[in-house]
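Presented below is the structure to which this report refers.
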Amino acid sequence: MNKVLLIIQREYLTRVRKKSFIVMIFLVPLLILAMGAIIAFVAKDSDKLSTLQIVTVADDSKIFVGKFHDVSNIKFVVSHNDLNTDKAESKKDENISTLYIPAEYKKNGSIQIFSKKKSPMQLTGEIEKQMSDIAFNYNMLQHHIDTAVIHSIKKVDISINTVEVTETGDKNSNLGANMGVGIVCAMLIYLSLFIYGGQVMRGVIEEKTSRIIEVIISSVKPFQLMLGKIIGVGLVGLTQFSAWIILSVISSKIAGHAFNTPQSFMAGIISTLSTIPFGYILGCFLFYFLTGYLLYSALFAAVGSAVDSETETQQFMFPITLPLLFTYMLSVTVLFRAPDSALAVWLSIIPFTAPVAMMVRLPFDPPAWQIALSMFMMVVGFLFTTYVAARIYRVGILMYGKKASFKELAKWFFYKE
């Protein structure tokens with residue numbers, strides 16, 4: 001046991017003392033905040049045109065003429081020329097467009113807009129919106145309906161507040177916020193399994209190719225070495241995640257004060273976040289992160305022991321990571337829409353797919369027995385894969401110059417001690 005602890009200590013301290021590790025701890029939260037600020041800034045003005053667009057309206061139907069109103073960076077001008085002359089003007093300047101409305105404008109494709117370049121979506125969208133309103137008012141008048149009465153009836157916005165009925169009483173719940181947290185946790189697990197599992201694999205390959213492994217094996221068993229390496233790198237991942245969470249919370253509060261975020265907005269965010277059971281979500285996240293990491297990193301270690309360079313790992317990596325990739329793709333397209341379907345239930349129970357699938361299902365309160373069964377299968381899956389990986393690792397770690405295959409790995413598994 002002391003040897004395993006020494007290996008864990010070495011793997012952990014070697015990585016956390018690196019400058020890159022320390023830099024990434026502070027850099028990632030700052031990058032996330034910067035990215036969020038940039039997205040918010042870009043999205044704020046994304047629906048506006050950057051330059052003034054002049055639209056010459058040639059209306060043969062006489063229904064829309066003079067009824068368009070100017071908006072930000074869009075100016076409507078009534079045509080006093082023939083269509084060919086207006087088209088010639090549009091051909092000279094990319095900021096001038098010609099809108100042609102024939103007498104039979106209701107026919108599909110009969111309304112056309114001519115311009116030197118493809119018209120921006122914001123421009124065509126605004127024209128379609130105004131034309132729809134003008135045509136609606138015209139039809140109302142044709143049927144002797146007072147449009148003033150229609151417009152005086154304001155649209156009523158209705159919102160539904162979700163309330164969860166529990167044994168301890170009713171409590172507010174925000175399904176959107178819970179789903180967002182679940183999907184983010186699933187994404188973090190998906191990425192972390194690749195990042196930290198890959199670190200284990202690269203560490204094994206480096207020790208094998210440098211022949212230092214021959215010295216280490218003389219004083220420690222292969223299984224102890226593999227277990228210590230896996231746990232040490234896993235602790236590095238937990239340290240990094242913990243630091244990111246703490247720094248993200250602190251930096252978010254500082255940014256909120258620095259940019260004078262309105263109190264009502266902050267109160268709304270706090271009210272929304274209060275509906276999320278963070279303790280429950282965090283506990284499940286840590287469990288599935290640890291068990292998923294232990295399961296996959298054992299397989300990564302076995303792959304690292306079977307090859308002589310990182311370029312040879314591709315044939316083994318794809319079959320191992322395919323279940324995880326398959327589940328992640330389904331999680332953002334299917335699982336959150338049908339969280340109680342047979343597919344979702346089975347994916348959340350099978351150890352190779354459960355870390356991602358169950359995190360997506362958690363906001364929908366799956367039955368307790370399914371969560372318990374999923375966790376039990378994760379533990380069983382970890383123990384089984386560790387056993388299989390250890391038997392391959394003990395042989396592969398001392399194999400040099402021989403190209404491994406799945407058939408060769410199967411032989412290594414059945415070798416006697």
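To the nearest 0.5 Å, the span separating CZ on F382 from OG1 on T291 amounts to 9.0 Å. Residue I281 holds its CD1 atom at 5.5 Å from CE of M359, rounded to the nearest 0.5 Å. Rounding to the nearest 0.5 Å places CG of L188 at 10.5 Å from CG of L193. In this structure, CE on M317 lies 12.0 Å from CG on L322, to the nearest 0.5 angstrom. Atom CG of L191 and atom CZ of F194 lie 8.5 Å apart (nearest 0.5 Å). Atom-to-atom distance recorded for F316:CZ and T321:OG1 is 13.5 Å, nearest 0.5 angstrom.
Contact record, A298 with A389: O-CB, 3.1 Å, taken as the closest heavy-atom pair. Across every non-hydrogen atom of N95 and Q53, the tightest pair is OD1-NE2, 3.2 Å. Pairing each heavy atom of C284 with each of M375, the nearest pair is SG-CE, 4.2 Å. Among all heavy-atom pairs drawn from E11 and G232, the shortest one is CB-CA, 4.0 Å. Minimum interatomic distance between A243 and I25 (heavy atoms only, all atoms of both residues): CB-CG2, 3.7 Å. Of all heavy-atom pairs spanning T14 and K18, the tightest one is O-CG, 3.4 Å.
Panel note: side chain K67, backbone I63; a donor-acceptor pair is recorded below 3.5 Å. Within the 3.5 Å criterion, the main-chain N or O of S97 finds no donor-acceptor partner in the side chain of S115. Looking only at distances, a side-chain donor or acceptor of Y293 sits under 3.5 Å from a matching main-chain atom of I230. No side-chain donor-acceptor contact under 3.5 Å links D60 to the backbone of A103. Remark: side-chain polar atoms of S242 are paired, donor with acceptor, to backbone N or O of L238 under 3.5 angstrom. At least one donor-acceptor pair closer than 3.5 Å links the side chain of D70 to the backbone N or O of F76.
Looking at heavy atoms from C-beta onward, K116 lies out of side-chain contact with K91 at the 4.5 angstrom threshold. In this structure, V65 and V57 have side chains that are not in contact, with every pair of non-hydrogen atoms separated by 4.5 Å or more. Contact annotation: the side chain of M131 approaches that of I111 to within less than 4.5 Å [non-hydrogen atoms, C-beta and beyond]. By the 4.5 Å heavy-atom criterion applied to side chains, F285 and L362 are not counted as neighbours. At a threshold of 4.5 Å between non-hydrogen side-chain atoms, the residues I231 and Y12 do not count as touching. K87 is listed as a side-chain neighbour of L83, based on a closest heavy-atom distance under 4.5 Å. Put simply, the side chain of L299 reaches to within 4.5 Å of the side chain of F352, judged on heavy atoms. At a threshold of 4.5 Å between non-hydrogen side-chain atoms, the residues T353 and L324 do not count as touching.
Inspection of the Q122 and E126 side chains reveals no N or O donor paired with an N or O acceptor under 3.5 Å. One side chain, D86 or S79, offers a donor N or O that lies under 3.5 Å from an acceptor on the other.
Using bins of under 30°, 30° to 60° and over 60° for the plane-to-plane angle, the ring pair F300/Y296 lands in the tilted bin.
Using a 4.0 Å cut-off between charged side-chain N and carboxylate O, D340 and R361 make a salt bridge.
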List the steps and the verdict of side-chain hydrogen bond (donor to acceptor under 3.5 Å, both in side chains) for S374 and S348.
-> CA-CA 6 Å; S374 174; S348 62; 5.5 Å; no
T327 and Y190: side-chain hydrogen bond (donor to acceptor under 3.5 Å, both in side chains), yes or no, with the steps?
-> CA-CA 9 Å; T327 310; Y190 172 77; over 6 Å; no
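Partner of I113 under the side-chain contact (heavy atoms from CB on, under 4.5 Å) criterion, out of I101, T98, I127: I127 alone.
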